[in-house]
Number of protein chains: 2
Amino acid sequence: MARYEQIAGDLRDAIVRGDYPIGAQLPSEAELALRYSAARGTVRQAVALLAAEGLVGSRQGARRIVLGSERSQSFAELHSFAQWARSMGYRASGTVLSSRRRRCSPSEAVRLSLEPGEEVLDVLRLRRLDGEPVLVERTVYAGWIAPAVERLDPECESVTQELYESVGLVFAYGEHLIDAVAAGSEDARLLEVRRGSPLLRQRRVTTTQEGRPVECSDDRYRAGSVTFSIRNSTAANPLVRRAAD
Amino acid sequence: MARYEQIAGDLRDAIVRGDYPIGAQLPSEAELALRYSAARGTVRQAVALLAAEGLVGSRQGARRIVLGSERSQSFAELHSFAQWARSMGYRASGTVLSSRRRRCSPSEAVRLSLEPGEEVLDVLRLRRLDGEPVLVERTVYAGWIAPAVERLDPECESVTQELYESVGLVFAYGEHLIDAVAAGSEDARLLEVRRGSPLLRQRRVTTTQEGRPVECSDDRYRAGSVTFSIRNSTAANPLVRRAAD
DNA sequence: AGCTCTGGCTTGTTTGTACAAGTTCGCCTA
DNA sequence: TAGGCGAACTTGTACAAACAAGCCAGAGCT
């Protein structure tokens, strides 16, 4: 682990612990550099991490200020339903309801960088938290990863983790579109809500570290079960609002 | 404008223009340093910006890869409905439907760091895109900014910008919770949809650069009018999924 | 008392250097 | 031909130094 990550971790712990309550000033960079016997640049990398997490605010000329004390785990939590659930203290489970190969549509070909008509794997999963159905996941996997996905246990808890362990696949980048839709009849039946009731939809495309698209998915959460949270600052975070398709 | 921002802008333009299409490699840091007559550190700051925006991916040892070519303006767009609308080519308008002072509730006192019972300003706004109502905004402003808000034109297009120009107020940090809810009867009437139809809700708290909370708001978008978009990578972006309140 | 202004403190930007660690690709060998 | 090896390349981390720019409090003045 890098030195600046250690320092960031140390400071984060101190903030979470309440050593620096909300509104308090952080020590100056020079002081921190001295305390950790590190160069100022290294300390800056550390506090930049905290700023990106929204824990501290920064203004040129003034001491850094503590803005919050909630820790957020960023990427991993956005991707792995199971990991997120575990960290929140829920018991996650899931079932594959259908899984079949087919030729990809033109729009999927674009999103997954495939040749038109190439084969893809279509998977429908229902996910539960503590037994309650909360999420319908309709995922399209690129053909090259399909065999590994088909080998997975249908009741498999964490797809992300299993794929990592079986073929070393790492989900590294993602684009996510979040909006609200009415439950269709299938959604309604699976999630045990009335047709037309509000669902939170997350559409995403995920790629490997090399930029190779792996999957695109349409996930629908039952209203009231899940919330997305973003911290942003003037200096960071590519969250934008877009017009609907 | 800082040198690294110029370089980042230049590279961003090149990517958007298609000089570096999706999947292409960016020049190495050394080459960019030479091209821009800058130190490698400066170039690194520039490409780090692009990486944070999700435009390029980074892996130690390998050339940087272009992941996307859509420009996102990050913070500003998340905050100013008017600015966002303008950048998307829409004509934004809005009306203040009600505005009244009252004592804050205990939960508001916590979120806005106020004394319990302190005065706040409650504003209900309806926002339109090209004349279509798309957003109901219920905002609670801290008492200290209330006078400036009350002086605003009820038809004011961009609250953010007006507050900046009139009192120099800058919204610098924000926390946002996004989920889906069913339209209440007031929502339904204002947005011209049926009661119970799905809405995308964004709750937020905004603070100044000093960490002083300015407002908290409950914004509800008509389904199909707006989506939120996030790009994330293993290394960045504090977006998380949370259980509902 | 209230105001201005200045000097010291703090963060922001840039350059330069060095080494660590991961990737890529060609060459060589079995 | 398939596989292993290594050299060159590329990004990541760390240190040191200098100056720019913004903030703040206290000194001094009105």
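Quantities reported herein were computed from a predicted structural model and do not represent experimental measurements. Because only heavy atoms are used, hydrogens play no part in the values below, and waters and symmetry mates are left out as well, while side chains stay in. All chains are named by letter (A, B, ...) in the order of the sequence lines, taking the proteins before the strands, and each is independently numbered beginning at 1.
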Taking CG from Leu32(A) and C1' from dT10(C), how many angstroms apart are they, rounded to a whole number?
12 Å
In whole angstroms, the gap separating P of dT11(D) from CG of Leu50(B) amounts to 13 Å
By nearest atom, which of the nucleotides dC15(D), dT13(C), dG16(C) is closest to the Arg40(A) side chain?
dT13(C)
For the pair Arg44(B) and Glu29(B), find out whether any cationic side-chain nitrogen is under 4.0 Å from an anionic carboxylate oxygen.
yes
Separation of dT14(C) P from Leu49(B) CG (nearest whole Å)
11 Å
Closest-nucleotide ordering on DNA chain D, the 5'-leading residue of Glu31(B) and Glu5(A):
Glu31(B)
Can a donor-acceptor pair be found between the side chains of Glu210(B) and Thr208(B) at a distance below 3.5 Å?
yes
Assign Arg64(A) to base, sugar-phosphate, or nothing according to its heavy-atom contacts below 4.0 angstrom with the strands shown.
sugar-phosphate
Provide, to the nearest angstrom, the distance between the CD atom belonging to Gln25(B) and the C1' atom belonging to dT11(D).
13 Å
So does Asp218(B) pair up with Arg203(B), basic N to acidic O under 4.0 Å?
no
CD1 on Ile7(B) to CG on Leu49(B), rounded to 0.5 Å:
10.5 Å
Of all the choices, dA16(D), dA21(D), dG12(D), which nucleotide is nearest to the side chain of Gln60(B) once you look at every atom?
dG12(D)
Name the nucleic acid region contacted by Glu29(B), choosing base, sugar-phosphate or nothing; use a 4.0 angstrom heavy-atom cut-off, strictly under.
sugar-phosphate
Here the distance between atom C1' of dT10(C) and atom CD of Gln209(B), to the nearest Å, is 15 Å
Please pick, from dT11(C), dG12(D), dT13(C), the nucleotide with the shortest atom-to-atom distance to any side-chain atom of Ser28(A).
dT11(C)
Please state how far atom CZ in Arg63(B) lies from atom C1' in dG22(C), giving the value in whole angstrom units.
15 Å
Would you kindly compare Arg59(B) and Thr42(A) by the position of their nearest DNA chain D nucleotide and give the one closer to the 5′ end?
Arg59(B)
Would you check, one step at a time, whether the test salt bridge (charged side-chain N to carboxylate O under 4.0 Å, His left out) holds for Glu53(B) with Arg231(B)?
CA-CA 7 Å; Glu53(B) 290 170 19; Arg231(B) 286 245 186 72; over 6 Å; no
Measure from CZ on Arg3(A) to P on dC15(D) and round the result to the nearest Å.
7 Å
What's the closest nucleotide to the Ala2(B) side chain, out of dA20(C), dT14(C), dA21(D)?
dT14(C)
Nearest-angstrom distance from the residue atom CZ of Arg44(B) to C1' of dT11(D)
6 Å
